[in-house]
Colleague: 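Before I ask anything, here is the structure I am working with.
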Amino acid sequence: MANSVLVLGTQWGDEGKGKIVDVLTEQASLVVRFQGGHNAGHTLVIGEEKTVLHLVPSGVLRENVTCVIGNGVVVSPEALFKEIDMLKERGVPVEDRLRISGACPLILPYHIALDQAREKAAGRHAIGTTGRGIGPAYEDKVARRAVRVQDLLSLERFDEKIDVACAYHNATLVGHGMEAVDAEAIKREARIQAERLAPLIADIPGLIDEHRKAGNRIMFEGAQGTLLDVDHGTYPFVTSSNTVAGAACSGSGCGPGTIDYVLGITKAYTTRVGAGPFPTELFDSVGEVLGERGNEFGATTGRQRRCGWYDAVAVKRASILNGITGICLTKLDVMDTLETIQVCVAYELDGKTIDHPPIGADEFARCTPVYESMPGWQANTAGITDMQALPELAQKYIARLEELTGVPIHLVSTGPERNENVVIQWPFGG
Ligand code: GDP
Ligand code: IMO
Ligand code: MG
């Protein structure tokens with residue numbers, strides 16, 4: 001039986017992580033975000049109400065849960081307060097449930113300006129970032145010039161750091177023909193932000209350890225997806241953090257032994273937002289059907305997601321990179337009308353067949369998929385909660401994906417709503 005479950009995406013993001021974290025936190029007492037920032041968009045549907053979260057962990061709608069933003073997350077105070085206010089308006093007492101690490105690097109106005117300026121300058125080579133300042137904020141962290149959440153507790157020192165950072169970054173911004181950011185405005189904002197943030201700052205490694213020792217159930221919530229990992233993804237068309245399972249430890253402050261079970265969230269087909277290679281991408285009416293039935297529009301930027309067939313090469317690699325225990329297959333219902341389904345089982349690269357993704361985007365972009373064809377079930381699966389009630393061909397599809405990736409499918413999601421799931425095995429057991 002697992003006491004801690006790590007939920008992460010095995011594709012290019014938007015696999016349905018938020019929904020599943022919300023489902024599983026019924027059984028947990030702590031939910032920890034450990035990387036990314038408000039580039040994430042995690043959607044929770046409870047009855048008629050839809051909630052999109054960007055920074056606040058997807059356990060926040062549960063009374064029994066403490067939500068944690070770990071040191072690996074880059075935090076925009078402005079985005080965080082906007083989200084907290086949205087939740088409070090709906091009657092969710094966020095401040096009682098949320099704790100944040102003092103070591104989180106802050107996303108400040110110059111990061112956002114830099115992100116957008118660079119994307120604009122890159123023209124057709126742009127990455128298609130979310131424009132939230134994520135990359136520049138992580139750069140500052142690694143360059144050891146980040147201003148962190150903890151710095152808000154000592155405003156004199158904060159001001160000095162802001163002066164240094166603005167002098168440094170404004171030179172670049174002006175070089176890009178952009179307006180310099182106003183250091184004084186950042187300092188003024190910080191007075192208000194510090195007051196709101198201070199009560200939320202906590203010793204996160206200590207908190208996780210306490211829960212672990214008490215035998216409480218802990219969830220770790222990944223953002224983005226494995227193929228957007230800065231090391232293992234389709235570099236440079238990736239995000240700027242490690243999204244793989246290993247990052248849960250460094251991004252929150254616990255050891256690898258703390259994680260008992262890794263749940264890979266995997267869409268029954270594939271989507272991607274932004275630029276970069278995507279071997280199984282569809283440009284025909286099937287792609288349109290997936291996009292329409294799956295409502296494939298970014299939860300953060302509203303951009304249309306690119307859609308394609310299931311890529312077993314990619315998911316198999318994700319299973320290795322993350323040490324996946326079990327998979328939750330999501331959005332099966334979106335494929336209900338398809339007559340024929342293709343599954344990518346290998347790539348062809350420069351005349352050779354390969355069974356693993358190449359390193360880097362250039363080779364990845366030259367890969368063409370080798371497909372295996374399966375008949376579609378052409379029957380309703382939406383809302384089904386019992387494996388035996390699924391059409392036989394849908395069961396066959398699930399079994400084939402399991403075989404191809406070599407990882408058991410423990411959950412199948414058949415709709416956006418909290419209780420639309422086929423449970424084969426609960427990750428927490430029981
Ligand atoms: P995340 O970033 O991984 O949390 O995923 P997003 O929330 O960005 O995108 C997933 C979208 O699919 C959301 O709109 C969910 O409400 C929706 N969704 C999740 N699971 C299912 C499912 O099984 N079927 C359908 N039709 N929609 C789902
Ligand atoms: P969730 O957690 C899908 C993509 C962007 C872009 C690249 C880099 O909802 O699955 P960034 O702003 O991070 O520097 O952009 O990563 N991206 C995501 N795509 N889902 C996400 O998050 C994403 N977060 C970033 O579209 O291609
Ligand atoms: Mg998303």
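In what follows, every heavy atom counts, from backbone to side chain, and hydrogens, waters and symmetry copies are set aside. First listed ligand is number 1; within each ligand, the first listed atom is number 1.
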Colleague: Under 4.0 Å from a heavy atom of Asp14: give me the atoms of ligand 2 that qualify, with their elements.
Modeller: 1 (P), 3 (C), 9 (O), 10 (O), 20 (N)
Colleague: Could you tell me if any non-hydrogen atom of Gly13 lies under 4.0 Å from any atom of ligand 1?
Modeller: no
Colleague: Can you list the ligand 2 atoms lying under 4.0 Å from a non-hydrogen atom of Arg303?
Modeller: 5 (C), 26 (O)
Colleague: Between Gly41, Gly18, Ala268, Ala223, which one has a non-hydrogen atom sitting closest to atom 2 (O) of ligand 1?
Modeller: Gly41
Colleague: Within the structure, is a non-hydrogen atom of Thr414 found at a distance of less than 4.0 Å from ligand 1?
Modeller: yes
Colleague: We want to know whether Asp336 and Thr381 form a side-chain donor-acceptor pair, criterion being a heavy-atom distance below 3.5 angstrom.
Modeller: yes
Colleague: Tyr310: what forms a ring-ring contact (aromatic ring centres under 6.0 Å, His included) with it, not counting sequence neighbours?
Modeller: none
Colleague: So for ligand 2, is Glu15 a polar contact partner (N or O within less than 3.5 Å, distance only)?
Modeller: no
Colleague: Taking the basic N atoms (NZ, or NE/NH1/NH2) and the acidic carboxylate oxygens, is any pair closer than 4.0 Å for Glu95 and Lys88?
Modeller: yes
Colleague: Below 3.5 Å, N or O to N or O, backbone or side chain included: is there any such pair between Gly41 and ligand 2?
Modeller: yes
Colleague: Where's the contact between Thr129 and ligand 2, heavy-atom distance under 4.0 Å: side chain, backbone, both or neither?
Modeller: both
Colleague: Can you tell me if Arg305 contacts ligand 1 (heavy atom of the residue under 4.0 Å from the ligand)?
Modeller: yes
Colleague: Excluding sequence neighbours, so at least two apart, what forms side-chain hydrogen bond (donor to acceptor under 3.5 Å, both in side chains) with Arg62?
Modeller: none
Colleague: Would you please determine whether Arg132 falls within less than 4.0 Å of ligand 2 on a heavy-atom basis?
Modeller: no
Colleague: Between Lys331, Glu221, Gln224, Lys267, which one has a non-hydrogen atom sitting closest to atom 12 (O) of ligand 1?
Modeller: Lys331
Colleague: Please classify the Lys19 to ligand 1 contact at 4.0 Å (heavy-atom distances, strictly less than): side chain, backbone, both or neither.
Modeller: side chain
Colleague: Which option wins on minimum heavy-atom distance to atom 20 (N) of ligand 1: Gly16, Ser413, Gly383?
Modeller: Ser413
Colleague: Mind checking whether Val45 has an N or O less than 3.5 Å away from an N or O of ligand 1?
Modeller: no
Colleague: Which atoms of ligand 1 sit under 4.0 Å from any heavy atom of Gly415?
Modeller: 20 (N), 21 (C), 22 (C), 23 (O), 24 (N), 25 (C)
Colleague: What part of Phe237, side chain, backbone, both or neither, has a heavy atom within less than 4.0 angstrom of ligand 2?
Modeller: neither
Colleague: So, is Arg293 polar-close to ligand 1, with some N/O to N/O distance under 3.5 Å?
Modeller: no
Colleague: Quick one: closest heavy-atom pair of Thr325 and Asp260, and the distance?
Modeller: OG1-O, 4.5 Å
Colleague: Distance alone, cut at 3.5 Å: any donor-acceptor contact between the side chains of Arg132 and Thr130?
Modeller: no
Colleague: Run down the list Leu228, Ile127, Ile134, Thr43 and name the one with the heavy atom closest to atom 18 (C) of ligand 2.
Modeller: Leu228
Colleague: What I want to know is whether Asp115 and ligand 2 share at least one N or O pair that is separated by under 3.5 angstrom.
Modeller: no
Colleague: Please state whether Gly9 comes within less than 4.0 angstrom of ligand 1, counting heavy atoms only.
Modeller: no
Colleague: Checking Leu401 against Ile409 for the side chain to side chain contact (heavy atoms under 4.5 Å, CB included) test, could you report, in this order, the C-alpha distance in whole Å, the side-chain angles of both residues, the deciding distance, and whether it holds?
Modeller: CA-CA 8 Å; Leu401 299 192; Ile409 292 175; 4.3 Å; yes
Colleague: Test Asp140 against Lys161 for salt bridge (charged side-chain N to carboxylate O under 4.0 Å, His left out), laying out the working first.
Modeller: CA-CA 12 Å; Asp140 272 3; Lys161 288 189 172 183; over 6 Å; no
Colleague: Judged by modelled atom types alone, do Lys19 and Thr330 share a side-chain donor-acceptor pair under 3.5 Å?
Modeller: no
Colleague: Return yes or no for this condition: an N or O of Val334 is under 3.5 Å from an N or O of ligand 1.
Modeller: no
Colleague: Can you tell me if Glu221 and His42 form a side-chain donor-acceptor pair at under 3.5 Å?
Modeller: yes
Colleague: Could you enumerate the protein N, O or S atoms under 2.8 Å from the Mg ion (ligand 3), written like residue then atom name?
Modeller: Asp14 OD1, Gly41 O
Colleague: Suppose I only count heavy atoms of Ala40 and a 4.0 Å limit; which atoms of ligand 2 are within that range?
Modeller: 1 (P), 2 (O), 9 (O), 22 (O)
Colleague: To the nearest 0.5 Å, how far apart are CG in Leu6 and CD1 in Ile218?
Modeller: 12.0 Å
Colleague: Could you pull out the closest heavy-atom pair between Cys307 and Thr271, with the gap in Å?
Modeller: SG-CG2, 4.0 Å
Colleague: Mind checking whether Ser240 has an N or O less than 3.5 Å away from an N or O of ligand 2?
Modeller: no
Colleague: Considering distance alone, does some N or O of Thr130 sit under 3.5 Å from an N or O of ligand 2?
Modeller: yes
Colleague: Counting only nitrogen or oxygen atoms and a 3.5 angstrom limit, does Ala299 reach ligand 1?
Modeller: no
Colleague: Does the side chain of Arg272 come under 3.5 Å of the side chain of Thr234 through a donor N or O and an acceptor N or O?
Modeller: yes
Colleague: Please list, in number order, the atoms of ligand 2 under 4.0 Å from a heavy atom of Lys17.
Modeller: 1 (P), 2 (O), 10 (O)
Colleague: Does His42 approach ligand 2 within less than 4.0 angstrom via side chain, backbone, both or neither, non-hydrogen atoms only?
Modeller: side chain
Colleague: Distance from Ile107 atom CD1 to Asn39 atom CG, nearest 0.5 Å?
Modeller: 7.5 Å
Colleague: Among protein heavy atoms, which sits nearest to atom 10 (C) of ligand 1, and what does the distance come to when rounded to 0.1 Å?
Modeller: Asp14 O, 3.7 Å
Colleague: Of all the atoms in ligand 2, which lie at a distance below 4.0 Å from a heavy atom belonging to Gly274?
Modeller: 27 (O)
Colleague: Is Glu49 paired with Arg90 through a side-chain N to carboxylate O contact shorter than 4.0 Å?
Modeller: yes
Colleague: Are a donor atom and an acceptor atom from the side chains of Thr280 and Asp311 found within less than 3.5 Å of each other?
Modeller: no
Colleague: Run the numbers for me: atoms of ligand 2, each under 4.0 Å from some heavy atom of Val238, listed by number.
Modeller: 7 (C), 8 (C)
Colleague: So if I count the atoms of ligand 2 from 1 in the order they appear, which ones are less than 4.0 Å from some heavy atom of Trp12?
Modeller: 3 (C), 19 (N)
Colleague: Side chains of Thr258 and Ser4: is there a donor and an acceptor less than 3.5 Å apart?
Modeller: no
Colleague: Looking only at heavy atoms, is any part of Asp333 under 4.0 Å from ligand 1, and if so is it the side chain, the backbone, or both, or is it neither?
Modeller: side chain
Colleague: Please list all pairs meeting ring-ring contact (aromatic ring centres under 6.0 Å, His included) that have one or both residues in residues 267-293, counting only residues at least two apart or in different chains.
Modeller: Trp12-Phe278
Colleague: Does the side chain of Gln224 come under 3.5 Å of the side chain of Thr243 through a donor N or O and an acceptor N or O?
Modeller: no
Colleague: Find all atoms of ligand 2 within a distance of less than 4.0 Å from any non-hydrogen atom belonging to Ala223, and give their numbers and elements.
Modeller: 2 (O)
Colleague: Test your reading of the structure: does Glu15 have an N or O sitting under 3.5 Å from an N or O of ligand 1?
Modeller: yes
Colleague: Among all protein heavy atoms, pick out the one at the shortest distance from atom 6 (C) of ligand 2; state its residue, atom name and that distance to 0.1 Å.
Modeller: Gly128 O, 3.2 Å
Colleague: What protein heavy atom sits nearest atom 7 (O) of ligand 1, and how far away is it?
Modeller: Thr43 OG1, 2.6 Å
Colleague: Looking at the rings of Tyr347 and Phe364, which for Trp means the six-membered one, are their centres under 6.0 Å apart?
Modeller: yes
Colleague: May I ask you to list the atoms of ligand 1 that are less than 4.0 angstrom from any heavy atom of His42?
Modeller: 1 (P), 2 (O), 4 (O), 7 (O)
